[in-house]
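Note sheet for the following structure.
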Amino acid sequence: MLVALFRDLWLFFGSLTASWEIHQRLMHSVTRAKFKFFDVTPLGQIMNRFSKDLEAVDQEVAPIAIGVMSCALAIVVTVGLISAITPGFLVAGLFISAMYFFVGKFYLRSSRDLKRLESVQRSPLFQQFGETLTGITTIRAYGDERRFIRDNMLRINTHSRPFIYLWAANRWLAFRIDVIGDLVAFFAGAFVVFSIGSIDAGSAGLSLGYAISFTENVLWLVRLYAMNEQNMNSVERIKEYLDVEQEAAPVIEKTRPAANWPSQGSVEFINYTTRYRSDLDPVLRNVSFKIKPLEKVGIVGRTGAGKSSLALALFRGLEAEEGKILIDDVDIGLIGLQDLRESITIVPQDPTLFTGTIRSNLDPFSLFTDEDIFTVLRRVQLIGAPTPITSPSTPLTASRPATPGQVNGTSHSPTGTSSPTNKNIFLNLSSPVAESGNNLSQGQRQLLCLARAMLKNPKVLMMDEATASIDYNTDSKIQKTIRELKSTIITIAHRLQTIVDYDKVLVLEKGSVVEYGHPHELLKKGGKDAIFRGMCEMSGDLDALQKAAKKAWDAERLVDVE
């Protein structure tokens with residue numbers, strides 16, 4: 001009893017500690033993996049590792065391993081007991097063991113590969129199901145539900161097929177183990193009959209009793225050993241993700257920059273070359289340019305020119321193959337990623353929001369006051385002018401929740417009069433935000449991400465087509481707000497109107513810098529080398545763009561003279 005208690009406690013605490021450690025290492029490995037890992041790894045595969053594979057590690061590996069040891073020990077005791085009573089059994093035991101070995105080996109090889117096939121086919125099923133849920137609105141709009149249902153059924157069948165074959169193999173094993181086990185009972189009984197007179201009845205009964213139970217022990221030994229190998233398949237798949245290439249350290253004490261870095265906001269690329277993977281061509285080639293403090297630079301180029309890759313390089317999503325990037329004369333390749341990414345800010349092309357509230361998305365670490373948050377919401381045009389204060393607990397009248405008497409956003413009094421209520425959810429910082437911001441429009445999501453960036457008031461602000469889903473009127477107001485920021489601003493442009501009055505324009509072509517200068521100077525160029533002018537001509541607004549660039553040029557010259 002004490003040995004069994006010790007065994008179970010050791011099994012429980014040992015497996016709990018091991019699975020906890022594996023989960024922690026897996027989480028750390030995936031969250032610290034390089035960006036290219038997520039570019040080539042489907043979400044379904046990552047979900048599979050954290051669901052089914054971790055479930056096997058948590059619940060099955062240790063108990064089944066103990067079961068294998070228990071069955072093996074029982075078989076050794078049984079063979080030893082029968083051989084001690086009837087030594088002649090050892091001769092037949094050798095042949096029976098050989099038969100068990102070949103049957104077990106054949107089953108193990110089949111079941112191992114069937115289990116691997118089942119594990120591999122689970123990821124596409126998860127991925128297709130998740131993608132269907134995400135795009136359910138579009139699927140219904142096009143009336144294409146049947147195709148996705150058929151695709152889902154096909155993947156379910158493909159996933160279930162190895163599982164069915166695995167259980168068929170189990171039945172195959174059980175039948176053959178039973179037949180071979182019957183030989184054990186037969187030979188044990190035969191040698192007892194041959195030994196009548198030399199052994200007592202009690203020993204003969206003991207030998208036959210253990211011989212009959214021998215078949216079940218062997219069956220479960222093979223079956224549990226196969227399950228153990230199958231579970232090790234899950235451990236192997238997790239081990240694969242534990243060894244993915246990791247990003248640089250968050251903090252490097254030897255090269256840690258000053259607490260107020262960057263204080264100026266200058267950015268310089270020096271002969272910078274990088275690629276997404278070693279087997280691909282470079283996406284940026286010998287890029288060299290310098291951005292002075294507080295300058296506003298627009299980046300333009302055709303699709304695939306390397307604009308978004310430049311943004312990734314600034315945040316070390318891509319590591320330098322050659323050259324370096326300096327921010328305030330500090331080589332960002334030598335400092336920790338946490339120090340770098342906390343010091344500069346990006347507004348991404350695809351807005352990233354999390355389940356929570358307006359406040360938790362704008363200020364997740366509770367560093368700013370309500371008034372600071374409302375100020376940036378006004379600056380990005382998500383809310384209008386301040387509402388009169390009615391009480392200390394309600395800084396904005398519209399932030400109060402609707403009363404039970406409100407219908408469709410209108411407050412109805414007992415006398416029958418009604419007064420309109422502002423339904424703008426951004427007036428209440430406790431308003432919920434759904435997963436990925438699905439309860440907001442694409443434009444609102446982009447503006448919320450822009451507000452989050454402006455709240456930090458960074459010295460270097462990178463905007464990757466941050467206002468692509470916003471109407472022209474709102475965009476013009478936001479651009480005016482952006483120009484008033486005391487920051488170095490790097491904008492990947494989707495509308496030439498937004499960057500034509502910037503201090504500089506960087507034109508990329510096939511990962512190389514082909515033009516860099518003031519928009520007015522670039523528009524004055526002619527010939528085949530005038531790529532920026534050609535882009536303005538193709539937009540159909542060349543005259544308006546020239547006037548805006550000339551106006552900015554004259555204003556800049558006037559400031560320089562003063």
Side-chain angles (χ1 to χ4, degrees), residues 32-41 244-250 252 254-255 257 261-262 264-293 295 297-341 343-346 348-349 460-465 488-493 499 502-517 522 528-529 531-532 535:
R32 298 287 305 168
K34 287 192 172 183
F35 286 12
K36 64 182 181 182
F37 168 76
F38 300 99
D39 293 336
V40 299
T41 306
V244 296
E245 194 174 355
Q246 301 287 287
E247 289 189 315
I252 301 176
K254 292 182 180 179
T255 57
W261 176 85
Q264 303 297 319
S266 67
V267 178
E268 183 176 6
F269 281 68
I270 303 175
N271 297 323
Y272 186 86
T273 300
T274 188
R275 65 184 78 213
Y276 281 96
R277 298 197 305 272
S278 58
D279 57 329
L280 299 178
D281 294 332
V283 289
L284 295 174
R285 307 168 189 267
N286 297 319
V287 173
S288 295
F289 64 92
K290 184 172 183 179
I291 302 174
K292 297 178 182 177
E295 273 192 336
V297 176
I299 302 176
V300 298
R302 296 180 177 86
T303 301
K307 303 186 296 297
S308 296
S309 300
L310 195 73
L312 280 175
L314 192 64
F315 284 80
R316 287 180 63 188
L318 298 174
E319 294 287 359
E321 185 176 289
E322 295 178 10
K324 56 186 176 180
I325 303 174
L326 304 180
I327 298 180
D328 280 2
D329 298 324
V330 174
D331 185 354
I332 66 171
L334 302 178
I335 65 175
L337 290 181
Q338 181 177 326
D339 290 329
L340 170 65
R341 293 171 181 172
S343 301
I344 60 179
T345 302
I346 186 171
Q349 183 175 357
V460 178
L461 174 61
M462 166 69 74
M463 298 197 299
D464 187 357
E465 303 189 15
T488 300
I489 297 177
I490 306 171
T491 302
I492 296 176
I499 55 94
Y502 273 24
D503 299 315
K504 297 279 182 64
V505 169
L506 176 73
V507 184
L508 291 174
E509 184 75 23
K510 296 181 180 178
S512 301
V513 177
V514 290
E515 289 183 319
Y516 184 54
L522 298 182
K528 295 182 179 179
D529 295 334
I531 296 177
F532 181 67
M535 295 173 66

Exercise. For K510, does the NZ atom have more than 12 heavy-atom neighbours from other residues, nucleotides or ligands under 6.0 Å away?
Worked result: no

Is the backbone N or O of [Y] less than 3.5 Å from a side-chain atom of [X], with the two atoms forming a donor-acceptor pair by type?
| X | Y | value |
| --- | --- | --- |
| R32 | E245 | no |
| R275 | L280 | yes |
| E515 | L522 | no |
| D328 | V330 | no |
| N271 | N286 | no |

With rounding to the nearest 0.5 Å, note down the distance linking [atom1] in [X] to [atom2] in [Y].
| X | Y | atom1 | atom2 | value |
| --- | --- | --- | --- | --- |
| L284 | L508 | CG | CG | 7.0 Å |
| E321 | T274 | CD | OG1 | 7.0 Å |
| I344 | I346 | CD1 | CD1 | 8.0 Å |
| M462 | I299 | CE | CD1 | 5.0 Å |
| I499 | I492 | CD1 | CD1 | 12.0 Å |

Exercise. In terms of side-chain geometry, is the basic nitrogen of E319 or K34 positioned less than 4.0 Å from the acidic oxygen of its partner?
Worked result: no

Problem set entry | Minimum heavy-atom distance between I327 and W261, given as atom pair plus value | O-NE1, 2.9 Å

